Engineer: 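Once you've had a glance at the structure underneath, I'll fire off some questions.
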There are 2 protein chains.
Amino acid sequence: MNKALSNAADETSATGISTSERILSTSAALFREKGYAGSTTRELAELLGIRKASLYHHIETKEEILYQICIASLTRIIDEISKSITEVVSQEDLRTMIRSHVVEIVGTRDFHSVMLTEMRGLTPDHLVEVVALRDRYEQLIRDVVSQSQSLGILRDDVAAKYLMLCLLNLLNWTIFWFKPGGDLDGEELGDLLASIYLEGASQMSTLGRVGAS
Amino acid sequence: MNKALSNAADETSATGISTSERILSTSAALFREKGYAGSTTRELAELLGIRKASLYHHIETKEEILYQICIASLTRIIDEISKSITEVVSQEDLRTMIRSHVVEIVGTRDFHSVMLTEMRGLTPDHLVEVVALRDRYEQLIRDVVSQSQSLGILRDDVAAKYLMLCLLNLLNWTIFWFKPGGDLDGEELGDLLASIYLEGASQMSTLGRVGAS
DNA sequence: GTCTATATTGTGATAGAC
DNA sequence: GTCTATCACAATATAGAC
């Protein structure tokens, strides 16, 4: 059996964590690795150490698990971003928001990855609801970008929509390669991505950087 | 039947294009939309306008299609990148490489997306081969980054590995939202992403930008 | 090269005992 | 709340005629 996946299941098997919660976190790890359509209820049950039929005491369908993962991921990140930015008044506020964002993404990597890449597996009704929540999340970021443009913090030769999409580009793909325990932790990666988004990666642009050696 | 998908099939049904090629391009569109595991040979046959069994005159397994898509995508992009950079001697060369890269990605969107996100569906043997090819592709970019650092074009306070990953972050996520016929074409998006990677998105960093109004 | 028909396995989900 | 046993169906793939 896959080691990383069974670890994800083991971590939640301590007392105090409900089976429903274990199903969610174990599924998130499984779905991230094999995809929603590529994961079976048999594998999931095995990772949880129960029989396949026992799953259905806690859930009604496999799709419901995906739905719960998407909702949990989006409500969390909307909450975290909202907390990290009451108002943008300086470039430093923007940097803080990006850092919080990255720390949240890598801290809830399984949930966030599945939400971002497996959303298409939802039933039409659930998809509408989750997409609406994702739009709210993206609008939050777009508002921050737009506000920063008005304040002269971000360039305004590009529409806020595209500056927002470029920022999400820079942050989101991280889910495909970041591994906890590597030589960068979430905070450090957040700092790096924020500095590239704000100042770029060219040598010239870093000469005047705050804290540059 | 889904309109975008049947269009993708129709575009290839003109004379002169072999059924094998039609299977590849139609599968790439289907797999991008529904995922490899989420797509069935029934849907594929229907999009092609043939019976499911007829597919097996051209292919041996469904997985073989995925394999061909991954190989085609990677050999193409390795070739394109190699052509676009004989040697990096200025920031403008880097900009050219990024632009070529983006144009190639969005021009072969279906193939490239499937290669990037559905690779895990390959058999172990095929996966080893495809991952080796992907590593070659990433090494190409890493070499360019590293060379640029030596020349003082890119900042050298971060390891080439991470500058390469940040660049791929910025470029790759594009596959999830770019749609041809929108208000940005591939070239324009390439310019935008190159300028953000090199100079950042902050207002300050754009004041001295070449061509800024 | 495509067809009809079918084999075979894997899938999500349920019935009902404990 | 978990179990054994099983259902109903969808999946990939094959056989053999045309």
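Nothing here was measured: the structure is a model prediction, and the numbers come from that model. First the proteins, then the strands, lettered A, B, ... as listed; each starts at 1. Values below: all heavy atoms of this structure, side chains included; hydrogens, waters and symmetry mates excluded.
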Engineer: Name the nucleic acid region contacted by A:Ser20, choosing base, sugar-phosphate or nothing; use a 4.0 angstrom heavy-atom cut-off, strictly under.
Structural biologist: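 Answer is nothing: A:Ser20 stays at 4.0 Å or more from every strand.
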Engineer: Do the ring planes of B:Phe176 and A:Phe176 sit parallel (below 30°), tilted (30 to 60°) or perpendicular (above 60°)?
Structural biologist: parallel
Engineer: Any side-chain N or O of B:Ser54 less than 4.0 Å from the OP1 or OP2 oxygen of C:dG1?
Structural biologist: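 So the side-chain polar atoms of B:Ser54 never come under 4.0 Å of the phosphate oxygens OP1 or OP2 of C:dG1.
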Engineer: Are the charged groups of A:Glu43 and A:Lys34 less than 4.0 angstrom apart, N to O?
Structural biologist: yes
Engineer: Determine the interplanar angle of the A:Trp177 and B:Tyr162 rings, folded into 0 to 90°, and report it as parallel if under 30°, tilted if 30 to 60°, perpendicular if over 60°.
Structural biologist: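 Ring orientation, 0 to 90° scale: tilted.
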Engineer: Return whichever of A:Thr40 or A:Ala53 has its heavy-atom-nearest nucleotide of DNA chain C closer to the 5' end.
Structural biologist: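 Comparing both residues, the 5'-ward one is A:Thr40.
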Engineer: Return whichever of B:His57 or A:Gly38 has its heavy-atom-nearest nucleotide of DNA chain C closer to the 5' end.
Structural biologist: B:His57
Engineer: What is the distance from CD1 of B:Ile65 to C1' of D:dA13, rounded to the nearest Å?
Structural biologist: 12 Å
Engineer: Using whole Å, report how far NZ of B:Lys62 lies from P of D:dT12.
Structural biologist: 5 Å
Engineer: Tell me the interatomic distance from B:Glu46, atom CD, to C:dT2, atom C1', rounded to whole angstroms.
Structural biologist: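 Checked: the CD to C1' distance equals 17 Å.
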Engineer: Taking OP1 and OP2 of D:dT2, is either one under 4.0 Å from a side-chain nitrogen or oxygen of A:His58?
Structural biologist: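 Yes, A:His58 has a side-chain N/O under 4.0 Å of OP1/OP2 on D:dT2.
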Engineer: Any cation-pi pair here, B:Lys62 with B:Tyr36, using under 6.0 Å and within 45°?
Structural biologist: yes
Engineer: Could you tell me the separation between the CD atom of B:Glu64 and the P atom of D:dT12, rounded to a whole number of Å?
Structural biologist: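 Distance, rounded to whole Å: 15 Å.
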Engineer: Starting from C1' on D:dA15, measure out to CZ on B:Arg51 and report it in whole angstrom.
Structural biologist: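 Going from B:Arg51 (CZ) to D:dA15 (C1'), I get 18 Å.
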Engineer: Within less than 4.0 Å of OP1 or OP2 of D:dA13, is there a side-chain N or O belonging to B:Tyr56?
Structural biologist: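 Looking at the OP1 and OP2 atoms of D:dA13, one of them is under 4.0 Å from a side-chain N or O of B:Tyr56.
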Engineer: Could you tell me which residues satisfy salt bridge (Lys or Arg N to Asp or Glu O under 4.0 Å) with A:Asp93, sequence neighbours excluded, listed by chain and number?
Structural biologist: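 Checked A:Asp93 against salt bridge (Lys or Arg N to Asp or Glu O under 4.0 Å); zero matches.
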Engineer: Rounding to an integer number of Å, can you tell me how far B:Leu30 CG sits from D:dA11 P?
Structural biologist: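 Going from B:Leu30 (CG) to D:dA11 (P), I get 12 Å.
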Engineer: For a quick test of reading the model: is some side-chain N or O of B:Arg42 closer than 4.0 Å to OP1 or OP2 of D:dA10?
Structural biologist: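 For D:dA10, neither OP1 nor OP2 has a side-chain N or O of B:Arg42 closer than 4.0 Å.
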Engineer: Measure from CD on A:Glu60 to P on C:dA15 and round the result to the nearest Å.
Structural biologist: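 To the nearest whole Å, that distance equals 12 Å.
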Engineer: Using whole Å, report how far CD1 of B:Ile50 lies from C1' of C:dT4.
Structural biologist: 15 Å
